[in-house]
Structure formats: C-alpha cells, structure tokens
Amino acid sequence: MRLRNKPWAKDTLLAHPEMVIQNPEEWKGRWKERFGNDHPIHIEIGSGKGQFVSEMAKKNPEINYIGIEIQTSVIVVALEKALAAEVPNLQLLHIDGGTVTDYFADGEVDRIYLNFSDPWPKKRHAKRRLTHADFLKAYEQVLPLEGEIHFKTDNRGLFEYSLASFSQFGMILKQVWLDLHQVEFEGNVMTEYEEKFSAKGHPIYRVEAIFPK
Ligand code: SAM
C-alpha cells in the first residue's frame with residue numbers, strides 16, 4: 001500500500017498511546033491485563049487502514065483485537081478509524097509482523113488474520129511474504145496448539161504459494177474458499193482491498209489453516 005509521506009504522522013501516533021501502544025514489549029505476556037479482561041486476543045498482521053479490525057471489534061465485543069501495521073503513513077489512518085469506532089477492545093501496534101514473538105508470549109494470541117497481504121511476486125522476495133515459513137514459525141510460537149490463521153486475498157499466485165507453505169509447514173487446511181463472495185459465508189467483514197478488488201470482479205480466496213497439536 002503506497003500513501004503520501006505524512007511528516008505529522010509520527011506525532012499523531014505518539015499523541016494516542018491509549019490506542020497505538022508505546023513500548024509494546026512491556027505488554028508481552030500481559031495483554032489481557034492491558035484489555036482488562038480475559039477475552040481471546042485476535043491479531044491482524046498488515047491491517048492497512050484498519051477497516052477490518054475496527055469493524056470486527058465493533059461486531060465482536062467479547063474478542064480483543066490488535067491491528068499490526070508496519071507503515072507509519074498507513075497506521076495513522078487506521079488510528080483515525082479506531083478512534084472513531086469508540087470500542088474498548090481494539091489496540092494498534094506499529095511493528096513488523098515478523099517480530100510478534102518479541103511482543104507476545106507463547107500461546108498468548110488466539111487467532112491471526114492475514115488480509116490481502118502484499119504478494120511480493122518475485123521469487124527473490126519470497127521471504128517477505130507474510131505466509132513464508134519464517135513468519136509461520138513466529139506465528140506458531142504466539143498461537144496456542146490448534147491456533148488458526150485466517151487468510152484472504154484476491155491474488156491467486158500468493159494464495160497458491162500460501163496453501164503450499166501452510167501445508168509444507170505441517171498445518172491443516174481446515175477450509176478453503178475459491179470465490180468467497182459467491183457462497184453463503186456468514187459475517188464476512190470486508191477489508192479496504194477486498195472492496196476494491198471484488199468491485200473489479202476479482203474472486204476472493206480464503207483459507208482457514210490450523211497449527212496441529
Ligand atoms: N489488510 C488491508 C486490506 O486488506 O485492505 C491492507 C492490505 S495491504 C496490500 C498490505 C498491508 O500490509 C500494507 O499496509 C503493508 O504496509 C502491511 N505490511 C506488509 N508487510 C508487513 C509486515 N511485515 N508487518 C506489518 N505490516 C506489514
């Protein structure tokens with residue numbers, strides 16, 4: 001996702017420590033304390049402008065959501081949405097999704113969402129794909145046994161790569177959708193990219209994959 005550079009973005013993030021967590025490593029192993037309850041924690045890695053995670057938080061008050069985004073000029077837009085949502089069960093983290101083990105204890109995250117992750121189509125960039133085995137290793141550590149990744153994309157190449165990556169890692173493909181919007185699927189929350197690409201007629205691929213016991 002490319003956005004104009006926003007020189008003011010850093011200050012805006014710093015002005016909202018209640019939403020964009022400062023010193024997130026201090027909350028490792030204590031996220032339930034931060035949310036003030038025992039509810040499950042679902043994170044979205046690469047949450048972009050935050051539409052999905054804000055809407056999920058509004059719809060599911062019994063789940064705590066953390067949106068993770070690496071780009072300053074993008075997470076600042078997610079911040080505006082998160083503040084407008086006025087929900088207590090949403091936090092944002094300005095970190096690289098590959099470093100989740102620095103910020104979450106083993107098994108502390110109950111589910112990971114990956115939505116329309118950057119495809120990095122060149123082979124030499126494969127390690128940057130959020131479904132590469134290096135990322136899966138980190139996700140496995142922060143999820144419990146039988147923890148799930150829910151992944152959506154319109155990019156067929158990335159989807160095929162990800163199915164192979166999950167399966168080579170020993171994950172179980174619980175369910176696969178090849179055209180999500182053409183079937184009954186209760187409660188789908190659309191992301192910004194999902195709205196854009198489905199409007200252009202692209203099929204939306206989805207998979208739920210589980211780390212086995
Ligand atoms: N999920 C949103 C959606 O579906 O509309 C945004 C999709 S956009 C194509 C991918 C986002 O992932 C970008 O905002 C990018 O900055 C972010 N991203 C890419 N690599 C990341 C990483 N390693 N950690 C956190 N965010 C990352």
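Atoms within a ligand are numbered from 1 in the order they appear, just like the ligands themselves. Just so it is clear, the structure is predicted and the values come from calculations on it, not from any experiment.
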Check for me whether Arg129 meets the cation-pi criterion with Tyr161, that is, NZ or CZ under 6.0 Å from the six-membered ring centre and within 45 degrees of the ring axis.
yes
Below 4.0 Å from any atom of ligand 1, is there a heavy atom belonging to Leu114?
no
Atoms in ligand 1 flagged as close to Thr191, the criterion being non-hydrogen separation under 4.0 Å:
3 (C), 4 (O), 5 (O)
Heavy atoms only: which of Gly46, Pro119, Gly98, Gly48 lies closest to atom 12 (O) of ligand 1?
Gly46
Charged tip of Lys196 within 45° of Tyr193 ring normal and under 6.0 Å:
yes
Think Arg34 forms a cation-pi with Trp27, using NZ or CZ under 6.0 Å from the six-ring centre and within 45 degrees of its axis?
yes
At a 4.0 Å threshold, what atoms of ligand 1 neighbour a non-hydrogen atom of Glu44?
1 (N)
Please verify the inter-ring angle class for Phe151 with Phe159; under 30° counts as parallel, over 60° as perpendicular, anything in between as tilted.
parallel
Suppose I only count heavy atoms of Phe116 and a 4.0 Å limit; which atoms of ligand 1 are within that range?
4 (O), 7 (C), 8 (S), 9 (C), 10 (C)
What atoms of ligand 1 come within less than 4.0 Å of a heavy atom belonging to Ile95?
24 (N), 25 (C)
Only heavy atoms of Asn115, strictly under 4.0 Å: list the atoms of ligand 1 that pass.
1 (N), 2 (C), 4 (O), 7 (C)
With heavy-atom distances below 4.5 Å as the criterion, would you say the side chains of Leu93 and Val100 are in contact?
no
Run down the list Gln71, Lys49, Lys152, Glu69 and name the one with the heavy atom closest to atom 14 (O) of ligand 1.
Glu69
Hey, does Glu148 have a side-chain heavy atom less than 4.5 Å from the side chain of Lys174?
yes
Which ligand 1 atoms does Gly97 reach within 4.0 Å, using its non-hydrogen atoms?
22 (C), 23 (N), 24 (N), 25 (C)
Taking only non-hydrogen atoms of Asp118 and a 4.0 Å limit, the atoms of ligand 1 in range are 8 (S), 9 (C), 10 (C), 15 (C), 19 (C)
Can you tell me how far the NZ atom of Lys10 sits from the OG atom of Ser73, to the nearest 0.5 Å?
11.0 Å
Ring geometry between Phe52 and Tyr113 (parallel below 30°, tilted from 30 to 60°, perpendicular above 60°):
perpendicular
With heavy-atom distances below 4.0 Å as the criterion, list the atoms of ligand 1 near Asp96.
22 (C), 23 (N), 24 (N)
